[in-house]
There are 2 protein chains.
Amino acid sequence: MASPIHQRLREDVLAGVFAPDEPLTEAKLTERYGTSRTPVREALQRLEQDGLVERRGKAVVVRTHSAEEIIDIYESRIVLEQAAAAKAAVKATALDHQLLRALLLQMRQLDAGDGRVLAETNRAFHAQLWHATHSPSLIGLLERLDQQVRRYTLTTLTYPGRWPVVLADYAELLAAVEARDPQRAGEIAARHMSDALGIRLKMYAEDPRTL
Amino acid sequence: MASPIHQRLREDVLAGVFAPDEPLTEAKLTERYGTSRTPVREALQRLEQDGLVERRGKAVVVRTHSAEEIIDIYESRIVLEQAAAAKAAVKATALDHQLLRALLLQMRQLDAGDGRVLAETNRAFHAQLWHATHSPSLIGLLERLDQQVRRYTLTTLTYPGRWPVVLADYAELLAAVEARDPQRAGEIAARHMSDALGIRLKMYAEDPRTL
DNA sequence: CGGCATACGTATGTATACAATCGTGTACAG
DNA sequence: CTGTACACGATTGTATACATACGTATGCCG
C-alpha cells in the first residue's frame, strides 16, 4: 500500500544519504525521484510520523537522536521484546518454530565480519519472533521503535565477541519458546536487549561518534 | 504543528460521527470542513497511520476492532502501563507528584454518573503518569495505543462499582510512585489494567454490542 | 560599528485541473 | 435465470498553478 517513493525515501534516509542538517526540500526530492511534490509531501509526512525526520522551523531534516533518546528507546524496547518473547512462547505455532530455527541456522553460517548482513539477518530473526506472537499491536509497536534506531544498530553486532553471544542467546531463547516457557523466554530476551544496550553505552563511552 | 482539520477529523472520528461502514470520501470531507482535498488527504493519511481509519479497497472507513484485536491491544497496554508506572516511580519529579495528586483530588469530586467526564479525567491522569516517566518513547507508544481504543473506553468506567475501585487503585499507585517503589507501582498498574480488561470482557459477554 | 526594520526570494501550504483506476450496473449470451 | 464482459461513472492518485509565510540579507538609522 505504501507508495513507492515513500519506501525509497525511507531507504535513503536509513542509508544515510542525507546529511543530518541538510534540509530535505520538496524541490530536491521531486527532482531526485522524478515525481511531483504531492507524493513527496506525502512521503515526508509519513516519515515524520515514523520519527525518521522532523520539522525544524520550516525545513524537514533527518532526525538525529541524542544519547539519552537512544537509551530511552532501548529501555522501552527491552520491555516490549520481553513481552513479545513471552507471548511468542505461548502463541507461536509449529510453523513459527520452524521459521525461527531456519533463520538461526542461516545466521550461524554467516561471516561475522560483514556488519550489514549481520544486522539484516538479525533484524529478520527479531521480526520473525515478533510475528510469532500473533499480536498486531506488539508487532506494530516494535516495528515503530526499531525503525527509529535502525540507523544505529549496525555497529552493535560487530563489537568484538558479540556475535557468538547473540547466537547463543537466540538458541536459548528459541528453546524457551519451543518449550512454551514464557517466563524464561521473556527473561532471556530482556537480558539480551539489556546487554545490547550495555554494549552500546560502552561503545559510546569509547567513541561518542558511534552514535 | 498538526493541521487543524487533522484534529477536527480525528475528533469527529473518535466522537463516532461517521458510521462504521460509511466511506469517508474526500469530497464529503472537503465540503464538511470547507477546505480543498489536499489537507483532507493529509488528515486521512495521518489518521490511517494512527490506526483510526483504514483503507478498504479504495474507500477509507473508520476502523472497527474485533474483540480479539481489543484484547490484544489491552494486553500490550498492560505491559506498557506497568513499565510506565515503574519508570515514573523512578523518574517523577516533585512537580509530577503534585500534578498527579491534584488530578486525583479532582477525580474524587466528580459525579460518578457522567461517563464522558469520567473518561476524560481518567485519561488525563494516565497521560500525566506517562509524562512523569520523562520517556518520550513510552509516552509515544502509549498515546498511540490509547487512541486506537479511546472510542471504546467510555463504557468501562461506568460499570457498576468500578469507579471507586479505580480511585483506590490510583491512590495506591500514586503512593507507590511517591515512595519511589517501581516494583510496586508497576504491579498496581498492571493489575489495574488487567481488571479493566476483565470488566471489558465481562461486558462483552453480557452484551457484545458494547464493543 | 552595531542593531533593527524592511523588502525580497525561496520554500511550504492550499487549491484545482487532469489522469488513471476501481467498482458497479447493465446488457447480452449461454 | 445466471454468469460474464463491457462500459460508464465516481473517487482517488498525480501534477501544477497560486497564495502565503518564513528566513535572510541589505540598508538605514542610532
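Chain letters run A, B, ... following the sequence lines, proteins first and then strands; every chain starts at 1. Just so it is clear, the model here is predicted, and its values are computed rather than measured.
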Ring centers of Y170(B), H126(B) separated by less than 6.0 Å: yes
L44(B) CG - dT12(D) C1' separation (whole Å): 11 Å
Interatomic distance, L29(B) CG vs dT12(D) C1' [rounded to whole Å]: 13 Å
Test side-chain contact (heavy atoms from CB on, under 4.5 Å) applied to D21(B) and V61(B), step by step: CA-CA 6 Å; D21(B) 280 343; V61(B) 297; 5.6 Å; no
Length of the line joining R41(A):CZ and dT14(D):C1', which is rounded to integer Å: 14 Å
Donor-acceptor contact present, side-chain R180(A) to main-chain A89(A), <3.5 Å: yes
E42(B) CD to dT12(C) C1', straight-line distance once rounded to whole Å: 12 Å
Flag if over 12 foreign heavy atoms under 6.0 Å of CD, E120(B): no
D12(B) (side chain) donor-acceptor with V17(B) (main chain) under 3.5 angstrom: no
NZ (K28(A)) with more than 12 external heavy atoms under 6.0 Å: yes
Heavy-atom protein contacts under 4.0 Å, nucleotides 15-21 of chain C, coded B base, S sugar-phosphate only, - none: BBB---B
Neighbour count >12 (heavy atoms, 6.0 Å) for atom CD, E22(A): yes
Rounded distance in Å - CD (E22(A)) to P (dA11(C)): 13 Å
Nearest-angstrom distance from the residue atom CD of E31(A) to C1' of dA11(C): 15 Å
Bend angle of the helix from dC1(C)-dG30(D) to dG30(C)-dC1(D), from helix axes over five pairs at each end, nearest 10°: 10°
Atom-pair distance (CZ on R55(A); C1' on dT12(C)), nearest Å: 8 Å
Pairs involving residues 84-96 of chain B, ordered by first then second residue, that meet side-chain hydrogen bond (donor to acceptor under 3.5 Å, both in side chains) (sequence neighbours left out): E75(A)-K87(B), T93(B)-D96(B), D96(B)-H134(B)
Exercise: do T156(B) and R200(B) side chains pair donor with acceptor under 3.5 Å: yes
E48(A) CD to dT12(C) C1', straight-line distance once rounded to whole Å: 13 Å
